[in-house]
Amino acid sequence: MAWRLSKEDFLKDVQWIDDIKIRGSYGLTGTQNIGDQMYRSLYSAYSYSGNNALVPTQLGNPAIKWETTKQTDIGLDLSFFRGRLQGTFDYYKKQTDDALLSYPVPLSSSYTSLLSNVVGMRNTGIELSLQGDIIRTKDFRWTTSINVTWPRSLVTRISGNADLTQIGNLTGLEVGNTAIVKGKPLGLITGEQITGIIKSQKQLDAYKARLGPYGSIIFPYLGLGDPMYTLDSTTYAPFAFPAFPVVIGSGAPKYYGGFTQGLSYKNFDLNLYFTFSQGGHLMWGSHLSATAFQGTSNANAAMLDRYTPANTNTNQPRLLFGSDNSYLYGNNTDIFSSSYLKLRTATFNYRFNKSGWMKNAGVQSASVYASVTNLFTITKYPGMDPETSDDAYSVAGGYFDPSNYPATRSFSLGLKVGF
């Protein structure tokens with residue numbers, strides 16, 4: 001459904017307005033990508049100690065069905081000054097009440113999870129796109145465009161049939177280093193919260209007193225240079241243990257998008273395409289593993305800034321030979337901003353003027369170009385690439401950086417010929 005305002009009597013004679021259109025849509029979309037035979041309980045042949053047997057390998061769910069998303073979109077299209085300035089504004093709302101997720105089931109069932117339609121999610125957002133000619137003359141043209149998306153998500157439902165007793169104090173579904181919690185957005189990064197490093201005997205004594213008599217069991221080597229965690233004294237009263245899991249970051253960006261710059265002078269063209277993301281975070285696996293400097297694995301350079309009697313102005317805990325100090329989970333010191341600005345592609349092009357040999361050969365157009373991808377990235381993220389994920393296909397997780405190989409930089413030269 002659309003309404004073109006620019007054709008109405010009160011606007012049709014305005015010379016600088018090319019087009020103004022308000023549009024809206026509503027629809028249902030679904031996905032059937034749930035795998036084959038997921039409604040069946042399956043068994044596989046197995047052999048143990050010379051005996052043949054069947055072992056359960058899949059817990060069937062006869063109620064499983066396709067996901068269905070209700071989507072509403074309201075938009076505004078604008079064009080002014082004979083196409084020199086164009087813009088698009090969109091607001092969208094997507095509601096999925098039966099999203100598929102593998103949720104935990106009681107271990108007594110001999111299974112670990114069951115795929116079912118247990119999660120409701122609402123995604124809303126604003127998308128803005130602008131493009132136009134900043135300069136347009138006979139020989140020179142400078143064009144620019146930008147698009148920005150401000151996404152928001154909210155978990156509206158988690159099935160009451162899910163067994164949530166084994167995943168900590170978030171009363172949600174914990175998946176790796178993230179959690180799906182009713183009433184919270186997607187993108188939560190969970191772990192332990194470190195409030196600081198023990199740097200004095202007074203701090204050490206006070207922290208031991210808060211831990212109680214069982215503190216020596218959890219942290220048998222507790223001393224100066226060790227981290228102090230946010231403690232949970234309610235679940236384990238009268239003793240306190242490190243609270244886990246707690247929300248220590250958000251992987252979802254506040255906004256993201258891209259912009260282009262195009263410059264043309266006579267037969268020369270230069271096109272630059274940038275992408276950006278702001279407000280997201282990643283848990284850097286290399287930093288997490290450097291906490292326990294053991295074995296033959298490489299350690300991150302962050303360990304060089306560890307607490308020592310000569311280096312007390314740091315937020316990195318000390319190294320302790322033969323012990324990892326029970327740093328079992330990721331914590332807030334492993335979380336880093338994943339905001340970035342990337343020059344995704346840069347292309348330089350030269351177009352040949354039509355000449356006699358081109359006409360004789362039936363060539364309508366010819367040009368040569370040079371192109372480079374991933375030329376540079378501006379970011380404070382200390383890992384190899386802030387645009388990485390351990391699960392690129394997940395809407396719930398993927399906010400852990402296992403130090404994947406970064407995007408490669410490539411260069412190309414080419415010739416384009418049109419007949």
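A salt bridge links Asp385 with Lys342: the closest approach of a Lys/Arg side-chain nitrogen to an acidic carboxylate oxygen falls below 4.0 angstrom. Look at Asp19 and Arg4 and you find a salt bridge, because one of the NZ, NE, NH1 or NH2 atoms lies within 4.0 Å of a carboxylate O, short of that distance. Ion pair Asp90/Arg23 flagged as a salt bridge, since at least one NZ, NE, NH1 or NH2 atom sits closer than 4.0 Å to an Asp/Glu carboxylate oxygen. Between Asp226 and Arg318 there is a salt bridge, with a side-chain nitrogen of the basic residue lying less than 4.0 Å from a carboxylate oxygen of the acidic one.
Residues Trp142 and Gln261 bring a donor and an acceptor atom of their side chains to less than 3.5 Å of each other. Residues Asn315 and Thr333 bring no donor and acceptor atom of their side chains to less than 3.5 Å of each other. Checked by atom type, the side-chain pair Thr275/Arg344 shows a donor-acceptor distance below 3.5 Å. In summary, the side chains of Gln316 and Tyr307 do not present any donor paired with an acceptor at a separation below 3.5 Å, with no hydrogens or angles considered. For the residue pair Thr69 / Thr96, a side-chain donor-acceptor distance below 3.5 Å is found, with atom types taken as modelled. Looking at Asn61 and Ser116, their side chains do bring a donor and an acceptor atom within 3.5 Å of each other. For Thr260 and Ser145, the side-chain atoms include at least one donor-acceptor pair closer than 3.5 Å. Under the 3.5 Å distance criterion, with hydrogens and angles disregarded, no donor-acceptor pair is assigned to the side chains of Asn51 and Ser49. At a cut-off of 3.5 Å, with distance as the only test, a side-chain donor of Thr314 or Asp305 sits close to an acceptor on the other residue. With hydrogens and angles left out, the side-chain atoms of Ser79 and Gln86 include no donor and acceptor closer than 3.5 Å. Between the side chains of Gln203 and Asp205, no donor N or O sits under 3.5 Å from an acceptor N or O. A donor-acceptor contact closer than 3.5 angstrom is absent between the side chains of Thr195 and Thr230.
Cation-pi check for Lys416 over Tyr369 is met; the charged atom lies under 6.0 angstrom from the ring centroid and within 45 degrees of its normal. Taking the ring centre of Tyr92 as origin, the terminal cationic atom of Lys94 falls inside the region bounded by 6.0 Å and 45° from the ring axis.
One N or O on the side chain of Asp98 and one on the backbone of Thr68 form a donor-acceptor pair closer than 3.5 Å. A donor-acceptor pair under 3.5 Å links the side-chain atoms of Asn332 to the main chain of Ile194, judged by distance alone.
Side-chain atoms of Leu343 and Thr377, non-hydrogen and from C-beta on, never get closer than 4.5 Å to each other. Side-chain contact between Lys70 and Asp97: present, with at least one pair of heavy atoms (C-beta onward) separated by less than 4.5 Å. Residues Asn147 and Phe259 have side chains not in contact (no heavy-atom distance under 4.5 Å, counting atoms from C-beta outward).
Note: Arg351 CZ to Asn349 CG = 6.5 Å, rounded to the nearest 0.5 Å.
Relative orientation of the Phe336 and His287 rings is perpendicular, given thresholds of 30° and 60° on the angle between their planes. Ring geometry, Phe276 versus Tyr255: the interplanar angle exceeds 60°, so the pair is classed perpendicular (tilted spans 30 to 60°).
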ask   = Yes or no on side-chain hydrogen bond (donor to acceptor under 3.5 Å, both in side chains) for Thr347 and Asn271, after CA distance, side-chain angles and deciding distance?
value = CA-CA 5 Å; Thr347 303; Asn271 291 285; over 6 Å; no
